[in-house]
Peer 1: 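Structure incoming, see below.
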Number of protein chains: 2
Amino acid sequence: MVTIQDVAKAAGVSPMTVSNVINEREHVRDSTRAKVLDAMERLDYRVNVAARNLRTGRTGTIGLAVPEIDRPYYGVLAAAIMKAAEAKSLRVVVEQTERSRENELDALTLSRNRLYDGLILSTVGLGPADADLLRVDYPIVLLGERIFAGPADHVAMPNVEGARAAVEHLIARGSRRIAIVEGDPTEDLNVSSLRNQGYREALAAAGIAFEDEWVVPIGEFSLEAGVQAVQRLAERGMAVDGIFCVTDTVATGVLRGLADHGIPVPGQVRVIGFDDVPGSAYTVPSLSSVDPDHDFMARTAVDLLVRRIEGNADKAVHRDVIGPFRVVERESSGG
Amino acid sequence: MVTIQDVAKAAGVSPMTVSNVINEREHVRDSTRAKVLDAMERLDYRVNVAARNLRTGRTGTIGLAVPEIDRPYYGVLAAAIMKAAEAKSLRVVVEQTERSRENELDALTLSRNRLYDGLILSTVGLGPADADLLRVDYPIVLLGERIFAGPADHVAMPNVEGARAAVEHLIARGSRRIAIVEGDPTEDLNVSSLRNQGYREALAAAGIAFEDEWVVPIGEFSLEAGVQAVQRLAERGMAVDGIFCVTDTVATGVLRGLADHGIPVPGQVRVIGFDDVPGSAYTVPSLSSVDPDHDFMARTAVDLLVRRIEGNADKAVHRDVIGPFRVVERESSGG
DNA sequence: ATGAAAGCGCTAACAA
DNA sequence: TTGTTAGCGCTTTCAT
């Protein structure tokens with residue numbers, strides 16, 4: 001192992017000067033710098049990050065805890081966050097929480113073991129009742145739709161507005177009886193209930209009286225759950241001409257289910273999702289969706305975290321940022 | 001910051017004893033252990049991983065470099081590798097190489113900066129000519145189809161056999177004029193050329209004379225490239241009744257392209273892909289594919305890497321492991 | 001502009 | 001079974 005000492009010896013300078021060169025500090029004569037760089041090259045020197053971390057107390061790494069990296073939405077999110085982090089010279093460690101409240105808390109605890117300078121935590125298991133557990137003296141940023149005005153910076157999607165715009169789009173295209181495929185309604189605040197709110201606002205604004213049978217609750221936001229939601233609607237006589245799905249993954253399953261039942265889309269039923277994941281432009285029919293601007297969310301989350309890490313943020317004040325969105329009209333809504 | 005020293009003082013023992021308790025070593029009296037654990041709890045002690053890393057020379061973290069985490073295949077692969085790594089108490093840092101040869105080499109170099117104990121490198125940019133660059137004195141495992149018998153352990157998919165089985169399946173279903181949508185043929189050895197070999201073997205075995213116009217080269221393995229491949233075939237008169245696609249992502253684009261052209265699948269053309277990503281069961285029509293057993297590949301890669309890290313592997317001998325596969329028959333091939 | 005000394009928190013090796 | 005010593009490689013501080 002080649003150390004700074006070795007380089008210093010080879011270059012005929014002190015270890016401190018080598019350190020100054022490595023960290024691109026000023027007050028190093030060009031000729032000295034050249035000598036050092038040459039020695040580093042010759043010896044194939046590499047910094048020992050562990051030693052630097054120990055000394056500085058910083059790791060140059062942030063954690064990202066997501067439910068499942070192999071879900072398209074989280075893949076897109078993770079890619080965007082890595083890109084945003086790279087722009088700040090930060091590495092990203094991805095942890096999977098498998099949608100469990102416990103694992104999300106574990107991620108928080110583990111992270112505090114000084115492994116990362118901060119943590120971006122995408123919560124789906126933790127709910128509003130757990131907000132106090134997030135009151136930690138450690139830089140974190142929350143992503144997700146379940147905890148608002150909590151004790152941490154938070155970036156959320158434009159759930160209400162986006163959902164409302166999506167349903168208004170279905171109405172504009174001619175739908176009048178619009179189903180919503182959404183999450184477990186027993187949870188008090190989650191991505192579903194906010195999107196449900198937007199859904200109802202859109203109906204109300206159009207003077208459409210909401211009917212209970214339009215609601216199809218599902219247990220998880222998966223492809224299979226989408227298929228089963230259609231089955232449920234079919235059992236109720238498929239008395240709808242529009243379906244708003246809580247995520248694109250669910251919507252893709254819904255498209256599949258509608259195909260199973262031979263129901264034309266958008267001919268008989270219009271469909272729209274939420275997230276605008278890459279695959280949505282290529283389903284058959286292609287899926288209309290709400291694009292929440294993943295890059296904006298990623299950039300904002302990383303920026304907020306860096307502010308905390310660098311101590312440039314008021315410990316008592318926490319930001320709640322909601323991103324922009326746009327409705328992407330494709331075949332499934334007759335767009 | 002609470003250190004081992006603090007805990008030792010609070011528990012009335014030496015730092016070494018605290019260390020022994022933390023690391024669950026033997027030869028600690030139960031009563032002593034209890035005292036230490038109690039003090040740790042009271043002070044809310046957390047290990048300083050940086051200090052431990054510096055001392056032990058191990059980080060407990062491995063790197064995983066993939067082209068793009070937001071491609072379904074790499075999402076599935078990353079999830080499987082994280083699961084396999086977790087079983088060995090290893091964390092995983094994901095880096096994205098964006099399919100470039102340079103970034104893949106960078107990942108290798110950065111990794112050697114002692115950040116990780118080892119690296120799993122999924123290569124698509126590096127080719128056989130670069131094999132020598134991988135001759136590093138550092139634990140690495142290669143994933144991918146471009147470098148075989150190189151200077152590192154390597155896990156690959158059953159490209160030839162899987163492709164052959166896929167095409168044999170199309171033939172068994174009645175296809176006789178079978179296109180292949182594959183990668184740039186100017187590369188001498190890549191995932192495409194191996195799958196091309198399997199494709200040709202299947203044709204030959206069935207006594208079908210191969211025709212040049214059946215080959216549709218694409219520049220990248222994307223959804224859009226699949227759409228464009230169909231456009232190409234349509235311009236040639238769509239004189240095929242089967243299409244073998246080099247990946248499921250490409251095949252999903254091909255399904256989309258065939259829908260654009262109003263070509264019935266599997267009625268007029270049967271389609272099969274490779275990878276069996278989660279979405280393939282839910283496309284319309286659902287996509288037949290070759291399942292390469294992602295979990296096996298992930299487990300094998302992690303096992304090989306751990307062997308290297310622990311020094312239990314001969315430095316001069318490198319393993320080339322090829323996983324199992326099975327053909328998954330769905331609607332797109334009339335299965 | 002450069003260097004010397006000290007120490008970050010932990011654990012390997014050895015001692016008691 | 002428990003404790004002592006030393007030092008991993010780096011950077012902060014202060015001196016020159």
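In what follows, chains are A, B, ... by sequence order, proteins preceding strands, each numbered from 1.
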Peer 1: Tell me, which of residues 7-24 of chain A have any heavy atom that sits under 4.0 Å from an atom in DNA chain D?
Peer 2: A:Met16, A:Ser19, A:Asn23
Peer 1: Is there a donor-acceptor pair under 3.5 Å between the side chain of B:Asp117 and the backbone N or O of B:Ile62?
Peer 2: no
Peer 1: Through what angle, rounded to 10 degrees, does the axis of the helix from C:dA1-D:dT16 to C:dA16-D:dT1 turn between its ends, using five pairs per end?
Peer 2: 30°
Peer 1: Apply side-chain contact (heavy atoms from CB on, under 4.5 Å) to B:Phe296 and B:Val321, showing your working.
Peer 2: CA-CA 10 Å; B:Phe296 171 88; B:Val321 179; 4.0 Å; yes
Peer 1: Can you confirm whether A:Leu64 sits close enough to A:Met82 that some side-chain heavy atom of one is under 4.5 Å from a side-chain heavy atom of the other?
Peer 2: no
Peer 1: Run the salt-bridge test on A:Arg135 and A:Asp132 with the 4.0 Å N-O cut-off and return the result as yes or no.
Peer 2: yes
Peer 1: Does the side-chain contact (heavy atoms from CB on, under 4.5 Å) test come out yes or no for A:His154 and A:His318, once each step is laid out?
Peer 2: CA-CA 8 Å; A:His154 176 219; A:His318 299 284; over 6 Å; no
Peer 1: Count the heavy atoms of every other residue, nucleotide or ligand shown that sit under 6.0 Å from CD of A:Glu220, and state whether that count exceeds 12.
Peer 2: yes
Peer 1: Given the rule in the side-chain contact (heavy atoms from CB on, under 4.5 Å) test, do A:Thr300 and A:Asp303 qualify, once you have shown the distances and angles that lead to the verdict?
Peer 2: CA-CA 5 Å; A:Thr300 306; A:Asp303 286 349; 5.7 Å; no
Peer 1: Can you tell me if A:Glu310 has over 12 outside heavy atoms packed within less than 6.0 Å of its CD?
Peer 2: yes
Peer 1: Taking OP1 and OP2 of D:dT12, is either one under 4.0 Å from a side-chain nitrogen or oxygen of A:Arg25?
Peer 2: yes
Peer 1: Could you state the CZ-P distance from A:Arg52 to D:dT12, rounded to the nearest angstrom?
Peer 2: 10 Å
Peer 1: With sequence neighbours excluded, what pairs up with B:Lys83 under the side-chain hydrogen bond (donor to acceptor under 3.5 Å, both in side chains) test?
Peer 2: none
Peer 1: For residues 26-35 of chain A, which residues have at least one heavy atom under 4.0 Å from DNA chain D?
Peer 2: none
Peer 1: Between the side chains of A:Arg25 and A:Ser19, does any donor sit under 3.5 Å from an acceptor?
Peer 2: yes
Peer 1: Going 5' to 3' along DNA chain C, which are the first and last nucleotides with any atom under 4.0 Å from a heavy atom of chain A?
Peer 2: C:dA1 to C:dG9
Peer 1: Roughly how far, to the nearest 0.5 Å, is CG of A:Leu77 from CD1 of B:Ile69?
Peer 2: 11.5 Å
Peer 1: Let me spell it out: for each of A:Thr56 and B:Leu54, pick the nucleotide of DNA chain D with the closest heavy atom. Which residue's pick is nearer the 5' end?
Peer 2: B:Leu54
Peer 1: Do other residues, nucleotides or ligands put more than 12 heavy atoms under 6.0 Å from the CZ atom of B:Arg307?
Peer 2: yes
Peer 1: In whole angstrom, give the distance that lies between atom CE of A:Met1 and atom P of D:dC8.
Peer 2: 11 Å
Peer 1: For A:Arg101, check salt bridge (Lys or Arg N to Asp or Glu O under 4.0 Å) against everything at least two apart and list the hits.
Peer 2: A:Asp130
